[in-house]
Engineer: 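What follows is a structure written as structure tokens; I'll ask about it next.
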Amino acid sequence: MLAAALAAALAGGCSRNADSDTHVVVIDHMSMDGDRLLVRGGGQRAQITPDGAIAIDGKALTLNPAQQAAGRAFYVEATGIRRDGAAIGQAGAAMAGQVLSTVAQDLRSGRTDQTEAKVEAQASKLRDQAMQICQRVGALRVAQEKLVAQVPQFQPFANKNLTTGDECRSRS
């Protein structure tokens with residue numbers, strides 16, 4: 001259990017502030033550059049802005065309102081994963097500190113019989129947050145499918161490996 005806590009802390013240490021303009025990876029083929037979502041696929045690069053506007057290799061697509069709404073929905077889900085991931089990283093780092101403190105206190109006092117239960121209670125909170133990302137991944141998959149249906153030019157950027165929320169939860 002302590003190893004899991006330390007792994008979470010290390011992952012959290014690599015996270016960036018969700019409000020920064022730093023280039024941050026969201027999912028392996030997506031990243032953020034300022035407020036623009038960058039998506040790679042098929043040797044091309046797409047940009048989606050918060051309002052749902054889409055450009056492919058620097059050329060803006062002319063979108064109707066439904067297409068722009070699909071772009072906006074995809075953007076919202078992808079950036080939500082980024083925010084949730086950063087929050088989990090920060091929570092993991094905080095949890096690791098709390099776990100180490102608990103273990104040290106319990107060892108000093110000789111009362112280690114409840115240490116595992118205390119650590120498990122902390123880990124449970126982190127698991128709950130991870131389930132939120134699972135839900136977001138499922139929502140991102142749905143948003144991606146709708147975006148590809150509305151904007152066929154986005155097909156090369158679609159990640160065929162996105163899981164449903166249920167598949168994500170079963171692996172957790």
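When reading the values below, keep in mind they use all heavy atoms of this one structure, side chains included, and skip hydrogens, waters and symmetry mates. What you see is a predicted model, and the numbers here were worked out from it, not measured in a lab.
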Engineer: Quick check: do Q47 and I54 have side-chain heavy atoms less than 4.5 Å from each other?
Structural biologist: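 A side-chain contact under 4.5 Å is absent here.
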Engineer: For residues 86-135, which residue pairs qualify under ring-ring contact (aromatic ring centres under 6.0 Å, His included), counting only residues two or more places apart or in two chains?
Structural biologist: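 Residue pairs passing ring-ring contact (aromatic ring centres under 6.0 Å, His included), neighbours aside: none found.
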Engineer: Assess the residue pair E145 and F74 against the criterion (side chain to side chain contact (heavy atoms under 4.5 Å, CB included)); give the C-alpha distance rounded to whole Å, side-chain angles, the decisive distance to 0.1 Å, and a yes or no.
Structural biologist: CA-CA 9 Å; E145 290 168 357; F74 184 83; over 6 Å; no
Engineer: Could you report the tightest heavy-atom contact between P156 and Q44, atom names first, then the distance?
Structural biologist: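 Looks like CG-OE1, 3.9 Å.
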Engineer: Report yes if some heavy atom in the side chain of H29 is under 4.5 Å from a heavy atom in the side chain of V39; otherwise report no.
Structural biologist: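 SC-SC contact between H29 and V39 confirmed.
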Engineer: May I have the step-by-step check of side chain to side chain contact (heavy atoms under 4.5 Å, CB included) for L126 and M131, ending in yes or no?
Structural biologist: CA-CA 9 Å; L126 208 53; M131 289 300 110; over 6 Å; no
Engineer: T49 vs D35, test: side chain to side chain contact (heavy atoms under 4.5 Å, CB included). Steps then yes/no.
Structural biologist: CA-CA 7 Å; T49 61; D35 70 345; 5.8 Å; no
Engineer: How long is the span from the CD atom in Q155 to the CG atom in L147, to the nearest 0.5 Å?
Structural biologist: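 Output value for this atom pair is 10.0 Å.
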Engineer: So which atom in A158 and which in V148 form the shortest heavy-atom distance, rounded to 0.1 Å?
Structural biologist: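 Of all heavy-atom pairs spanning A158 and V148, the closest is CB-CG2, 3.8 Å.
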Engineer: Is it true that a side-chain atom of Q68 and a backbone atom of D51 form a donor plus acceptor pair closer than 3.5 Å?
Structural biologist: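 Yes; judged by distance alone, with no hydrogens or angles, the pair exists.
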Engineer: Applying a strict under-4.5 Å side-chain criterion to I, L, V, M, F, W and Y, I'd like to know whether V142 and V76 cluster together.
Structural biologist: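 No, separate clusters.
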Engineer: So N159 and Q144, side chain to side chain contact (heavy atoms under 4.5 Å, CB included) or not? Walk me through it.
Structural biologist: CA-CA 8 Å; N159 183 341; Q144 175 181 269; 3.8 Å; yes
Engineer: To check you understand the geometry: which heavy-atom pair defines the closest contact between R72 and P50, and what is its length?
Structural biologist: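 Taking R72 first and P50 second, the nearest heavy atoms are CG-O, 3.4 Å.
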Engineer: Anything under 3.5 Å between a donor and an acceptor, one on a side chain of residues 58-65, the other on a protein residue two or more places apart or in another chain? List them.
Structural biologist:
| unit_1 | atom_1 | unit_2 | atom_2 | d |
| --- | --- | --- | --- | --- |
| N64 | OD1 | A66 | N | 3.0 |
| N64 | OD1 | Q67 | N | 2.8 |

Engineer: Check the pair D84 / R136 against salt bridge (Lys or Arg N to Asp or Glu O under 4.0 Å), numbers first and verdict last.
Structural biologist: CA-CA 9 Å; D84 291 352; R136 280 238 191 241; 3.1 Å; yes
Engineer: Looking at OG1 of T79 and CZ of R82, how far apart are the two atoms once the value is rounded to the nearest 0.5 Å?
Structural biologist: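 One finds 8.0 Å between OG1 of T79 and CZ of R82.
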Engineer: How far does CG of L140 sit from CD1 of I133, to the nearest 0.5 angstrom?
Structural biologist: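 One finds 11.5 Å between CG of L140 and CD1 of I133.
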Engineer: State, with a plain yes or no, whether a side-chain heavy atom of R36 is found less than 4.5 Å away from one of I48.
Structural biologist: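 No. Closest side-chain heavy atoms not under 4.5 Å.
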Engineer: Can you check whether V103 reaches Q98 side chain to side chain, under 4.5 Å on heavy atoms?
Structural biologist: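 In short, these two side chains do not touch, never coming nearer than 4.5 Å.
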Engineer: Side chain of S101, backbone of G97: donor and acceptor closer than 3.5 Å?
Structural biologist: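 Here the side-chain-to-backbone pair does not exist.
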Engineer: Test of understanding: with ring-ring contact (aromatic ring centres under 6.0 Å, His included), list the residues that count as partners of F157, not counting sequence neighbours.
Structural biologist: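 By the ring-ring contact (aromatic ring centres under 6.0 Å, His included) rule, F157 matches F154.
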Engineer: Report yes or no: does S124 contribute a side-chain atom to a donor-acceptor pair with the main-chain N or O of E120 at less than 3.5 Å?
Structural biologist: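 No, S124 side chain to E120 backbone: no donor-acceptor pair under 3.5 Å.
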Engineer: Within the distance-only criterion (no hydrogens, no angle test), does the side chain of D57 pair as donor or acceptor with the backbone N or O of R45 below 3.5 angstrom?
Structural biologist: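 Indeed, once roles are kept as given, a pair shorter than 3.5 Å links the two residues.
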